Amino acid sequence: MENTIYIQPYLRLSGLEPLVIRPETNFVNVGERTNVTGSKKFARLIREGQYEEALSVARQQVESGAQILDVNMDDALLDGVEAMKTFLNLLQAEPDIAKIPIMIDSSKFEIIEAGLKCVQGKCIVNSISMKEGEEKFIEQAFICKSFGASVIVMAFDEIGQADTKARKVEICHRTYKILTEKVGFAAQDIIFDPNIFAIATGIEEHNNYAVDFIEATREIKRLMPLAKVSGGVSNVSFSFRGNDHVREAIHSVFLFHAIKAGMDMGIVNAGQLVIYDDIEPTLKQLCEDVILNRNNDDNGATEKLITFAETVKAKGKETVKDESWRKESVEKRMSHALIHGITEYIDADTEEARQKYPTPLSVIEGPLMNGMNIVGDLFGAGKMFLPQVVKSARVMKKAVAVLTPYIEQEKRDRLNNLSKDDQAGNIEKGPAKILLATVKGDVHDIGKNIVGVVLGCNGYEIIDLGVMVSSDKILSEAHKHQADIIGLSGLITPSLDEMVHIAKEMKRLNMHIPLLIGGATTSRMHTAVKIAPEYEHGVVHVLDASRSVTVAGTLLNKEQKENFISDIKTEYQKLQVDFGNRKTAKQLLPFAEAQQNAVVLNQKEHSPIAPAFTGTKVLDNYNLDEIARYIDWQPFFIAWELHGKFPQILTDSVVGAEASKLYDDAQKLLNQIIDEKWLSAKGVVGFWQAEKTAPDSVLVHTKEKNISLEFLRQQVKKAAGQPNLSLADFISKDEKDYLGAFSVTIQGIESHIKRFEENLDDYNKIILQALADRLAEAFAELLHEKTRKEFWGYAKGETLNNEELINESYQGIRPAPGYPACPDHTEKYKLFYLLGGESATGIHLTESLAMYPASSVCGWYFAHPESKYFGVGKIEKDQLEDYAKRKGISIEEATKWLRPILE
């Protein structure tokens, strides 16, 4: 007995070094920045594959005092499993980082499991819960235990998240008994997250949320003393996003009480915590009242804190109290209105300035441009975001509209006083002119509109030719207006060829003005390899609106232009070499060999299900309110260059305040669209018997005639056991099978766009365009769900929430012609024929096979459980020749449409 060593039941974690959390251990800080949803820098580095540089973010967290490192790779654009494995494997080779324990953080358990296989020492899994029921919870808990990990357990069960003290304690106690009695977890290896929710929202039911967490923590520690309690602290102050001074005080006060109640650790930015005793007494008292729900009858404490918050200054940011700025000089008032996007007084202030300044033009060149210069500087420094800049542009346009009649009258008066010869020589050059156009055959212009607004804010005259603009018109208008720069935009892949053509034409016409390339389908690599070699006077790929200002300014600066173009040429030549090397390094199989490596469907466990009807069904004037419930908001924010997962982006420490304002404005406009029936939704869906007649061909049977659909197959060499996919693989060749198709559109936007343009309101114009796109995608999501559960009925028992729909957790796929799994746009002709032609929905196919209205979506339906999304990737000449033969077109025609994927 004397030699027995008794090990205290403490939570013991480790990286290369141990971390033992004892009763006397202070609050444990979990570093939060190695999280793609919480750090824009980290997310960008991971997406770009710069894992080595991403390690610097982890290193900074360790140096800043993080005792545990949270790693999260939950991003729709990432292969989360591979990203987690790659980063953690690299991290383990860095002793100065790997010395602290890792928290593997994901909402997808397959990512957690991949991470568990990579870490050394003893880590934490964040998180598991009862959300999917007890059986799933036990299964995941056993896996975590087998790897020796501690677990964070969310207070979440089959009913939902726990929001009251009673529910928090009940769920935590229930999961504790399961983990300790059925799974065999040591009590000290269990960490509870009883859910921290926002307080001071103005909703009375939320007032006790902080008290519920604190008291639940106290009870959890009483009932289960060896377990630990954690939480995401920033949630509690969500209502005060944008006011860091108040948020920091709330966090400190909340932690003061939560730690006293037993909270052990939490995800919080320690560098942004104010010392509890250093909080000014008035603010501290108000925070105490709100957090502890004291003196809060009729939201009294909440209202007092909100009122106080409006009077204080956030660190580094001025928060204006009331409307005291209206007492300033007219110059300062105009500058303030521009920076804050306030249109309410701009007409009167502009008129006051016109009467003060010698000429109306001097008002533009003076106070207005001074204000816009501040906007440009703030935007360039990352202190303003795109929605704010668009609001500033709205103010600027309204001010200029007040001055324009006076400027035109002055011009007329001046010219009338000159001789004809003097008039000819008196034409003013004015600001630099930038001509923008979406190229022929393409109808998408949201990104172009945003770039135009941002450049306009920086003093450039924008000539926007709109969409579907031919090369002849672009170049003739550039000559007519004496444009200083041409900017081209495009979304669909055929637009890339049109951009190459325009570059060639600019060379043929001996033009010397720079050419900017942008749009979703464009890339720096394609610009360098395909467009830049065709024109020597400056071809630059511009990633987004924020970069357009710097590029334009440099190209229009005589001292900087030559060196800038020379540097771009050098950079693009290196990309051309890299592309050539990458091309030769790729291993592509002979097409016949790739066909032999097709998917072999498991027909024993799945027999094709007949749809409820064959032929087509039109859904006319579908309920927009129902469609809106299916909106995926994340791409809406991406359109505004605000990147992050929704809804987490609303509380992001950098863009959260502006994202929330934008979201509120979008919700208001969306409600108006629905209530006043601004837009209408129309769709068509169809199903037909189909059979696989060749490795990559599917024959569709209709009453009129049979249609042969031709698909493309992955040709890259795969790892052993991995098939080379083709969509044709998901149709049975041995049994009677079916295939579906759909198209949906949102119509009626034009008159509302025109009205916003007439009102000089780019902000709401762009919101409307983005919402129309989101509604079209939501309609496609809704229709796919109705197909699975009703029209085709192969998944009648499906019960998925919107997040699961967005994550494509359903059976079956809806790939679209022109996208990675079927990159040939010309198959749209067959899809539209099957669905009844353009008259079925009013969607028109342009010569480049873009759809008009722009807010339209189409695609195929595949039902087999093994069907999945994929990219065809590069193909060889042997597949190109086979494809052209199957479609009955020339090699030249096939090459035109498939050029982006040709090796």
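Just so you know, these numbers come straight off a predicted model, no measurement behind them.
Taking a 6.0 Å sphere around NZ of K440, one finds it holds 12 or fewer heavy atoms contributed by other residues, nucleotides or ligands. For R524, the CZ atom counts as loosely surrounded, since its 6.0 Å shell holds 12 or fewer non-hydrogen atoms of other residues, nucleotides or ligands. Heavy-atom neighbours of Y819 OH from other residues, nucleotides or ligands within 6.0 Å: at or below the threshold of 12. In K868, the NZ atom is not crowded: 12 or fewer heavy atoms of neighbouring residues, nucleotides or ligands sit closer than 6.0 Å. Annotation: K617, atom NZ; neighbour count of heavy atoms from other residues, nucleotides and ligands within 6.0 Å does not exceed 12. More than 12 heavy atoms of other residues, nucleotides or ligands lie within 6.0 Å of CD in E110, so this atom counts as buried by the packing criterion.
Panel note: side chain E804, backbone N801; a donor-acceptor pair is recorded below 3.5 Å. Of the possible donor and acceptor atoms, none in the side chain of E777 sits under 3.5 Å from a partner among the backbone N and O of I631. Checking side-chain atoms of Q595 against main-chain N and O of D696 turns up no donor-acceptor pair under 3.5 Å. Panel note: side chain Y794, backbone P611; no donor-acceptor pair is recorded below 3.5 Å. No side-chain donor-acceptor contact under 3.5 Å links S867 to the backbone of A863. Looking only at distances, a side-chain donor or acceptor of Q714 sits under 3.5 Å from a matching main-chain atom of L725. In terms of modelled atom types and a separation under 3.5 Å, the side chain of S726 and the main chain of A728 share a donor-acceptor contact. Side-chain atoms of D75 never come within 3.5 Å of backbone atoms of V36 as a donor-acceptor pair (strictly under, hydrogens ignored). Looking only at distances, no side-chain donor or acceptor of K885 sits under 3.5 Å from a matching main-chain atom of S890. Of the possible polar contacts, one joining the K830 side chain to the S708 backbone as a donor-acceptor pair under 3.5 Å is found.
H784 is listed as a side-chain neighbour of Y810, based on a closest heavy-atom distance under 4.5 Å. Annotation: side chain of F832 is in contact with side chain of I843 (closest heavy-atom distance under 4.5 Å). Side-chain atoms of K668 and N671, non-hydrogen and from C-beta on, never get closer than 4.5 Å to each other. Between H701 and L699, the closest side-chain pair of non-hydrogen atoms falls below 4.5 Å. Taking the side chain as every heavy atom from C-beta outward, L727 and F870 approach each other to under 4.5 Å. The shortest side-chain heavy-atom distance between Y883 and I875 does not fall under the 4.5 Å cut-off. L496 has its side chain out of reach of K530: every pair of non-hydrogen atoms, C-beta onward, lies at least 4.5 Å apart. Side-chain atoms of L834 and L831, non-hydrogen and from C-beta on, never get closer than 4.5 Å to each other.
Note: F637 CZ to I649 CD1 = 5.5 Å, rounded to the nearest 0.5 Å. Atoms CD1 and CD1, on I474 and I502 in that order, are 3.5 Å from each other to the nearest 0.5 Å. Here the straight-line distance linking atom NE2 of H844 with atom OG1 of T745 works out to 12.5 Å at 0.5 Å rounding. The CG atom of L771 sits 12.0 Å away from the CD1 atom of I766 when rounded to the nearest 0.5 Å. Considering CG of L669 and NZ of K765, their distance stands at 14.0 Å, rounded to 0.5 Å. Atom CD1 of I627 sits about 9.0 Å away from atom CG of L619, to the nearest 0.5 Å.
Considering K786, R788, K789 in turn, R788 is the only one that fulfils the salt bridge (Lys or Arg N to Asp or Glu O under 4.0 Å) rule with E798.
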Check your understanding: Where do V542 and V451 land on the side chain to side chain contact (heavy atoms under 4.5 Å, CB included) test, with the steps shown first?
Key -> CA-CA 10 Å; V542 182; V451 168; over 6 Å; no
Exercise for review: Output, in order, the C-alpha distance, side-chain angles, deciding distance and verdict of side chain to side chain contact (heavy atoms under 4.5 Å, CB included) for V467 and Y852.
Suggested key: CA-CA 11 Å; V467 301; Y852 184 85; 5.5 Å; no
Point to revise | Step-by-step side chain to side chain contact (heavy atoms under 4.5 Å, CB included) determination, N764 to L768 | key: CA-CA 6 Å; N764 277 305; L768 174 58; over 6 Å; no
**Study point:** Intermediate values then yes/no, side chain to side chain contact (heavy atoms under 4.5 Å, CB included), K703 and W688
**Key:** CA-CA 10 Å; K703 291 180 180 179; W688 306 271; over 6 Å; no
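Residues Y861 and W792 place their aromatic rings such that the two centres sit no closer than 6.0 Å. Between Y663 and F646, the gap from one ring centroid to the other is short of 6.0 Å.
Ring-plane geometry between F636 and W640 is classed as tilted, the angle between the planes lying from 30 to 60 degrees on a 0 to 90 degree scale.
Partners of N597 according to the side-chain contact (heavy atoms from CB on, under 4.5 Å) rule, which considers only residues two or more places apart in sequence or in another chain, are N724. With sequence neighbours excluded, the residues that form a side-chain contact (heavy atoms from CB on, under 4.5 Å) with H606 are Q811, H864, P865.
With no hydrogens or angles considered, no side-chain donor-acceptor pair links S809 and N807 at under 3.5 Å. Of the N and O atoms on the side chains of E876 and Q715, not one donor lies less than 3.5 Å from an acceptor on the other residue. Donor-acceptor pairing under 3.5 Å is lacking for the side chains of T693 and E691. There is a side-chain donor-acceptor pair under 3.5 Å between D74 and S106.
Under a 4.0 Å N-O distance rule, the pair D497/K896 does not qualify as a salt bridge. Salt-bridge formation is detected for the pair K887/E827: a Lys NZ or Arg NE/NH1/NH2 atom is positioned less than 4.0 Å from an Asp or Glu carboxylate oxygen. Taking 4.0 Å as the cut-off between side-chain N and carboxylate O, E781 and R774 do not count as a salt-bridged pair. Look at D737 and K692 and you find no salt bridge, because none of the NZ, NE, NH1 or NH2 atoms lies under 4.0 Å from a carboxylate O.
Across every non-hydrogen atom of S607 and E735, the tightest pair is OG-OE1, 3.8 Å.
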